[in-house]
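Below, read A as the first sequence line, B as the second, and so on, with proteins coming before strands; counting in each chain starts at 1.
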Number of protein chains: 2
Amino acid sequence: MASKLSALKANLSPANTSPREPELARHLDTIIKGDCVAAMDKLPDASVDVIFADPPYNLQLGGDLHRPDQSKVDACDDHWDQFDSFAAYDAFTRAWMLAARRVLKPTGTIWVIGSYHNIFRVGATMQDLGYWILNDVVWRKTNPMPNFRGRRFQNAHETMIWASKNEKAKSYTFNYEAMKAANDDTQMRSDWLFPICQGGERLKDDNGQKVHPTQKPEALLARIMMASSKPGDVVLDPFFGTGTTGAVAKKLGRRFVGIEREQAYIDAANARMERIEPLHSVDLRQLMPKRAEPRVAFLSLLEAGLLQPGTVLTDAKSRHSATVRADGTLVAGEHEGSIHRVGARVQGFEACNGWTFWHYDNGDGHEPIDSLRAIIRRQIARSGG
Amino acid sequence: MASKLSALKANLSPANTSPREPELARHLDTIIKGDCVAAMDKLPDASVDVIFADPPYNLQLGGDLHRPDQSKVDACDDHWDQFDSFAAYDAFTRAWMLAARRVLKPTGTIWVIGSYHNIFRVGATMQDLGYWILNDVVWRKTNPMPNFRGRRFQNAHETMIWASKNEKAKSYTFNYEAMKAANDDTQMRSDWLFPICQGGERLKDDNGQKVHPTQKPEALLARIMMASSKPGDVVLDPFFGTGTTGAVAKKLGRRFVGIEREQAYIDAANARMERIEPLHSVDLRQLMPKRAEPRVAFLSLLEAGLLQPGTVLTDAKSRHSATVRADGTLVAGEHEGSIHRVGARVQGFEACNGWTFWHYDNGDGHEPIDSLRAIIRRQIARSGG
DNA sequence: TCAGACTGTGAATCTCGTC
DNA sequence: TGACGAGATTCACAGTCTG
């Protein structure tokens, strides 16, 4: 954590004379007004941790959706007319997705939300550009609008695509343990249930009209950020609208960069974010993933006197046993090596977590040697890492 | 209804000498062996009422995957699921979708099921070809396979696209009232909950191995047919597999045309359908899965604003306390984790029900957080579990 | 006979740092 | 960049075995 914070400070310090970082710092926690592709082109390569994008579905909404040559296809065949507008939407999608991919860190991920009108085109374009889909996540609405004509199913969900920068980018941020702990100790699923944005959270103008047609609920953004970012991370939203992403980022101790074309939305978003109170940093501390905990050598247990050479370890059901040697290896019959290797070999497996497999006799029964590792780790924590 | 039935009879009568109908009649309630495009080319224009298609998903799997207990996951690595590139998959999709569109009646609709690996490409291709998407429907699995490495959300759903032949085709079959009646007199939503196919329904060979890697549950097909077809309608399945579509069609008084390349699947499907007894009447409500009390994420309480990060929870007698963090975990001294885990640790127990153990201050005294869970559950009940 | 323990399994794009 | 090895990782059911 300390190193992360200092790295962040270095990143944002005006004393840092690298040409890239100040460029990002200048835009942190602000809204860039303008076209999202042009705005993203101002940001450095690999500079943001998470992108959340809620692109327009409606072809009429975007001035950038017009085909460059304005050519007219045979209007008597609606099929080709349709294809033409799909092609324009695809070009638009491709353009902003390319710009977004450049500014995304290798450890970063992107979220894109859409409905059946656009999400299939968006997803296909993402795959074409090399994004690697991690999940599609369904936002199930507790209170969707009914289908008035009774000619379809009630459209009760929207789809989000969560993707990393490419297939090789494996070390993206995902707070798996926290999600699981927060979900009754079972894995968080790909279908999430939230109410639509309404009530006090929904921004209204002086006439009581909603300011933005598709304002997303803060709860949705909160789960996204809690799942895929760390405190201090930078979240980019190229279709900022009325700033749900910024509001949640501020509340949850993340930084944001917003991009928006409409001044009315920008004004509403700035006023909204002004009212947000950030949470206390202590409440933002996240569950430490097992993978991030300090490594402990099995030999340390011997050196600390927690185990002695010659001790016999067994598995939980005492079906296998192995003897501890002074060099921190185990031996079991013809098998010898690390706790993991011997654990795997005695079972005939390829792999095994020796820390949880092997047990020792604590005088009152068998206990996994992982509990001895925990003792070492507490010593490390007390001595400040 | 009477006119529909008489029209159907006329259609199927050998006395009807139109060149088209006998061509279809010859294939009714049979499986055509071979490539699906070649087989569909044998069928007349505008001759089928519903198409259900479960095309290859083009999974791109790496090496083997093992469960935490080191057992190997039986992957879907069949040759028919392998494609060289997205372009190859798109060409394949385009070819069968074009053939399917020709044989579909103007009043007909098509259902295509897929996962995030392929569904975006499939949906974009459908739009390009002029299909008009009516809904995307999410099949939420009650019992999906977990994510074994803890690097993604549990992939707990698949997506179906429901589309008519083109934008102008407004008089497609949709049994809105029947769906509504079956769903406690509220509109049927676009997210459906069903278990995966297992138990007695799952076809096994003599060795107890599953016959087909991706057999779909009959309940899913039953809802599709009850929603979008009438008795006597013809349902085409170009990727018939082990014949779930045929089995459900027979059970529900629909006709089917199956297309399948693999003889082993054809044999299994024919034997299966032989065993099916048509139903005399169908009570759709019996097809609505009953769900136990849904699991609620503690995180949902924060997202709903019922609790705030930083809130201090106590046990009933205020002997223990813990602070709520933004990620939905608790922290109490050196203990951190889920409400259950921290509840157990502060008491020195192995296990604890955090929902009843932890209390919050409701302004008028202490109340278990379980009462907040009840609020969330009421929302969940409204959206079908 | 029954309750509980134990085993098996499903469309899966499933690690990461170091040398 | 690839090989190596430490070490992290599962939910809901169905079916079988055991006491």
Side-chain angles (χ1 to χ4, degrees), chain A residues 107 127 131-136 163-164 166-172 174 176-177 180 183-190 289-293 295-298 317 328 337-344 350-358 369-370 373, chain B residues 54-78 80-83 86 113-119 139 141-159 195-202 204 208-210 212-217 239 241 291-292 295:
Chain A
T107 54
Q127 291 180 313
Y131 284 106
W132 193 245
I133 299 181
L134 300 169
N135 283 110
D136 57 337
S164 64
N166 60 63
E167 181 178 358
K168 299 292 184 301
K170 301 262 189 203
S171 54
Y172 53 86
F174 177 50
Y176 169 81
E177 294 81 2
K180 179 172 169 174
N183 188 42
D184 248 30
D185 285 329
T186 59
Q187 296 186 335
M188 190 68 82
R189 295 169 45 114
S190 57
K290 273 273 183 59
R291 290 175 171 88
E293 291 194 66
R295 295 230 164 173
V296 173
F298 178 67
K317 293 174 186 169
S338 72
I339 53 174
H340 312 294
R341 182 187 168 86
V342 175
E350 284 295 311
C352 167
N353 183 342
W355 291 109
T356 50
F357 178 74
W358 293 112
I369 57 175
D370 203 26
R373 179 169 65 166
Chain B
D54 183 11
Y57 285 9
N58 189 24
L59 299 186
Q60 295 164 49
L61 305 177
D64 290 343
L65 178 66
H66 294 269
R67 298 185 179 82
D69 66 2
Q70 300 303 320
S71 62
K72 187 166 170 287
V73 175
D74 185 13
C76 176
D77 53 3
D78 303 71
W80 48 255
D81 198 50
Q82 312 291 323
F83 292 84
F86 284 138
I113 186 167
S115 65
Y116 65 85
H117 311 82
N118 70 324
I119 197 65
W139 167 27
K141 303 179 184 184
T142 57
N143 49 351
M145 196 187 306
N147 181 291
F148 295 116
R149 310 311 289 268
R151 291 297 290 150
R152 303 179 178 202
F153 298 100
Q154 183 182 30
N155 191 8
H157 74 275
E158 295 189 28
T159 300
I196 60 176
C197 179
Q198 57 178 190
E201 190 185 320
R202 187 88 195 203
K204 303 281 177 65
Q209 299 299 116
K210 58 191 177 193
H212 194 282
T214 72
Q215 186 181 340
K216 295 292 177 286
F239 306 96
R291 187 85 157 115
R295 192 184 293 276

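- Contact annotation for A:Asn353: base contact, defined as any heavy-atom pair under 4.0 Å involving a base atom.
- Separating the P atom of C:dG17 from that of D:dT9 is a span of 15 Å, rounded to the nearest Å.
- Evaluation of the ring pair (Phe, Tyr, Trp, His ring centres under 6.0 Å) rule for A:Tyr172 yields A:Trp162 as partners, not counting sequence neighbours.
- Nucleic acid contact for B:Pro195: none, since no nucleic acid atom lies under 4.0 Å from a heavy atom of the residue.
- Applying the ring pair (Phe, Tyr, Trp, His ring centres under 6.0 Å) rule to B:His117 yields no partners; only residues at least two apart in sequence or on another chain are considered.
- Checked against ring pair (Phe, Tyr, Trp, His ring centres under 6.0 Å), B:Phe83 has the following partners two or more places apart in sequence or in another chain: B:Tyr89, B:Phe92.
- As rounded to whole Å, 11 Å separates atom C1' of C:dG10 from atom CD of B:Glu158.
- Put simply, CD on A:Gln187 is 13 Å from P on C:dA12, counting in whole angstrom units.
- Here A:Arg189 lies out of heavy-atom contact (under 4.0 Å) with every strand.
- At a threshold of 4.0 angstrom between heavy atoms, the contacts of B:Gln70 include nucleobase atoms, whether or not backbone atoms are also involved.
- In terms of the salt bridge (Lys or Arg N to Asp or Glu O under 4.0 Å) criterion, residue partners of B:Arg295 (sequence neighbours excluded) are, by chain and number, A:Asp184.
- If you take CZ of B:Phe153 and C1' of C:dA12, they are 16 Å apart, rounded to a whole angstrom.
- Under the salt bridge (Lys or Arg N to Asp or Glu O under 4.0 Å) criterion, A:Lys180 pairs with no residue at all, not counting sequence neighbours.
- Between the side chains of B:Asp74 and B:Gln209, no donor-acceptor pair is found at a separation under 3.5 Å.
- With sequence neighbours left out, the side-chain contact (heavy atoms from CB on, under 4.5 Å) criterion links B:Arg149 to B:Leu65, B:Asn147, B:Arg151.
- The environment of B:Arg202 atom CZ is dense: over 12 non-hydrogen atoms of other residues, nucleotides or ligands sit within 6.0 angstrom.
- A:Leu134 comes within 4.0 angstrom of nothing in the nucleic acid, heavy atoms only.
- Considering only residues two or more places apart in sequence or on other chains, B:Lys72 meets the salt bridge (Lys or Arg N to Asp or Glu O under 4.0 Å) condition with B:Asp64.
- In this structure, A:Thr356 reaches neither bases nor backbone, as no heavy-atom distance under 4.0 Å exists between it and the strands shown.
- With hydrogens and angles ignored, a donor-acceptor pair closer than 3.5 Å exists between the side chain of B:Lys216 and the base of C:dA11.
- Note: CZ (B:Phe83) to C1' (C:dA11) measures 14 Å, nearest angstrom.
- Protein chain B touches strand DNA chain D; the 5'-most and 3'-most nucleotides with an atom under 4.0 angstrom of its non-hydrogen atoms are D:dG7 to D:dG15.
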Could you write out DNA chain D as a dot-bracket string, with dots for unpaired bases, | for bases paired across to another strand, and Watson-Crick or G-U pairs counted at under 3.5 Å? .|||||....|||||||||
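- Scored by the salt bridge (Lys or Arg N to Asp or Glu O under 4.0 Å) test, A:Asp185 finds no partners at all (sequence neighbours excluded).
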Within the 4.0 Å limit for protein heavy atoms, which parts of nucleotides 14-19 of chain C are touched? Write it as a string from 5' to 3', B for base, S for sugar-phosphate only, - for none. BSS---
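- Here the P atom of nucleotide C:dG8 and the CZ atom of B:Arg202 are 18 Å apart, to the nearest Å.
- Among the protein residues, B:Asn58 comes within range of no part of the nucleic acid, since none of its heavy atoms lies under 4.0 Å from any strand.
- Using a 4.0 Å heavy-atom distance criterion, B:Asp54 is classed as a base contact.
- Heavy atoms of A:Arg341 sit nowhere under 4.0 angstrom from any nucleic acid atom.
- Along DNA chain C, the nucleotide nearest to A:Lys317 and the one nearest to A:Tyr131 differ in position, and the one closer to the 5' end is contacted by A:Lys317.
- Base engagement by B:Thr214 is indicated by at least one non-hydrogen atom pair under 4.0 Å involving a base atom.
- Across the protein-nucleic acid pair, B:Tyr57 atom OH and C:dA12 atom C1' stand 13 Å apart, rounded to whole Å.
- Residue B:Lys210 is classed as a sugar-phosphate contact, given heavy-atom separations below 4.0 Å to backbone atoms only.
- For B:Ala156, the side-chain contact (heavy atoms from CB on, under 4.5 Å) test picks out A:Arg189, A:Ser190, A:Asp191, B:Pro144, with sequence neighbours left out.
- If you check every strand for non-hydrogen atoms under 4.0 Å, B:Pro55 touches a base.
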